[in-house]
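This report concerns only the one structure given below.
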Number of protein chains: 2
Amino acid sequence: MKNDTLMKTVDLIASECIAVRIRLLNRTVTNIFDNALRPLGMKVSQLNVLIVVAKRGPISPGDVARRLNMEKSTLSRNVDRMKIHGWIKVSGGQSGRKQLLEIGTAGRKLIRKSLPAWKKAQARTEALLGQRGAGAIHQAANAVWTQL
Amino acid sequence: MKNDTLMKTVDLIASECIAVRIRLLNRTVTNIFDNALRPLGMKVSQLNVLIVVAKRGPISPGDVARRLNMEKSTLSRNVDRMKIHGWIKVSGGQSGRKQLLEIGTAGRKLIRKSLPAWKKAQARTEALLGQRGAGAIHQAANAVWTQL
DNA sequence: AACTCTAAGTTGTATATACAACATTAGCAA
DNA sequence: TTGCTAATGTTGTATATACAACTTAGAGTT
């Protein structure tokens, strides 16, 4: 292959790659939410987990991970940190292989307190992506969820 | 208690939050590309950087970081790993504050070799998100780039 | 009941990411 | 020229992420 074809490959990937774009959006949006949530001592990744546990708990770690398409080992350590703060607790027979997660008192309080910050971040993100861009994300996410 | 309002908040965030969705898409798409690129010993995060450097090099680390909306410190360490493999090299007076990155011989070879894997991953992603979902991502990314 | 086998969760390791603090230097101003 | 300021890049620390290997406990099978 000559440099010519190389540059053609480079241009193709640069102009089409979905991964580059998703990853850019991920960094950008995550930063907006993390900045908004920082005063509360929480990151948006943790809010994600907290909401799933609040909505569907008691729920097993494995189910949470599947719902978020996240590695069980990733979730395991994220939950560890959240347990320390009392945002999440283990209900029932905790040890071993059959534990169930549910939201803790501190977690409930935290969700209530974060609503204004979340709204602000959500609005800022919608402004950044535009109505169509934001709707697009919902559309794409739904496509993934139906195939999970 | 105000469990009622709490659950309303939970449902609102669960059904609307753009960050949850972007992050889900990021994990999903990154996994598809990483799996496809694994035989080449490269991750899609590294391909992103390599393509920018190949297309626009010689380019300063700061400019690469800005283009990807990535922290300079993040880029610094990512580039370190890529320098070790010879994918990227520093041109001109490297030390100090004014270094320029360009693609190395191994980097050129790697891009050529990765094209089939990239195409496969791109196709699989488009199939997952659907034509509309994929177009949506492009649309949203363009919105971000124009406001960067 | 005993055995096997698989699913669930944890731990080790590596990369990606960001913030804060730091060192250095280029650019500008007086 | 000299000195200040802002930009540039690196390093320390914490979290997020995934893969591989491991441990343990359910679930079936016989």
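Note on naming: letters A, B, ... go to the chains in the order of the sequence lines (proteins, then strands), and numbering restarts at 1 for each one.
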Problem - Residue-phosphate contact under 4.0 Å: Thr74(B) side-chain N/O, dA16(C) OP1/OP2 - result: no

Fill in the blank from the handout: Bend of the helix from dA1(C)-dT30(D) to dA30(C)-dT1(D) from end-axis comparison, five pairs per end, nearest 10°, comes to 10°

Exercise for the section: Would you please say whether a donor-acceptor pair under 3.5 Å links the side chains of Arg23(A) and Thr30(B)? Expected result: yes

Practice task
Mind checking Asp80(B) for me? I need base, sugar-phosphate or nothing, with any heavy atom below 4.0 Å counting as a touch.
Solution key: nothing

Polar-atom pairs under 3.5 Å, protein N or O versus N or O of nucleotides 2-5 of chain C: list them with distances, or write none.
none

Handout entry: Phosphate OP1/OP2 of dA8(C) contacted by Arg66(A) side-chain N/O (<4.0 Å)
Key = yes

Completion exercise
Taken in chain and number order and not counting sequence neighbours, the residues that satisfy ring-ring contact (aromatic ring centres under 6.0 Å, His included) with His138(B) are none

Practice task
Determine yes or no for a side-chain-to-main-chain donor-acceptor pair under 3.5 angstrom, with Ser60(B) supplying the side chain and Asp63(B) the backbone.
Solution key: yes

Exercise for the section: Using a cut-off of strictly less than 4.0 Å, decide whether Gln99(B) has a side-chain nitrogen or oxygen near OP1 or OP2 of dT24(C). Expected result: no

Practice task
Can you tell me the distance, in whole Å, between the NZ atom of Lys98(B) and the C1' atom of dA6(D)?
Solution key: 13 Å

Exercise for the section: Give, ordered by number, those residues of residues 41-54 of chain B having at least one heavy-atom distance below 4.0 Å to an atom of DNA chain D; if nothing qualifies, reply none. Expected result: none

Practice task
Decide, yes or no, whether a salt bridge links Lys8(B) with Asp11(B) under the criterion of side-chain N to carboxylate O below 4.0 Å.
Solution key: no

Exercise for the section: Could you identify which residues of residues 19-29 of chain B place a heavy atom less than 4.0 Å from some atom of DNA chain C, listed by residue number, or say none? Expected result: none

Practice task
Without swapping roles, check the side chain of Gln122(B) against the backbone of Ile18(A) for a donor-acceptor pair under 3.5 Å.
Solution key: yes

Handout entry: Under the salt bridge (charged side-chain N to carboxylate O under 4.0 Å, His left out) test, residues paired with Arg38(B) that sit two or more places apart
Key = none

Practice task
Spell out yes or no: do the side chain of Arg77(B) and the base of dG12(D) have one donor N/O and one acceptor N/O closer than 3.5 Å?
Solution key: yes

Handout entry: Side-chain N or O of Arg81(B) closer than 4.0 Å to phosphate OP1/OP2 of dA16(C)
Key = yes

Problem - Short side-chain N/O contact to dT17(D) OP1/OP2 from Asn78(A), under 4.0 Å - result: yes

Practice task
Report yes if at least one side-chain N or O of Asn35(B) is closer than 4.0 Å to OP1 or OP2 of dC19(D); otherwise report no.
Solution key: yes

Handout entry: Sugar-phosphate only, base, or nothing, as touched by Asp34(B) at under 4.0 Å among non-hydrogen atoms
Key = nothing

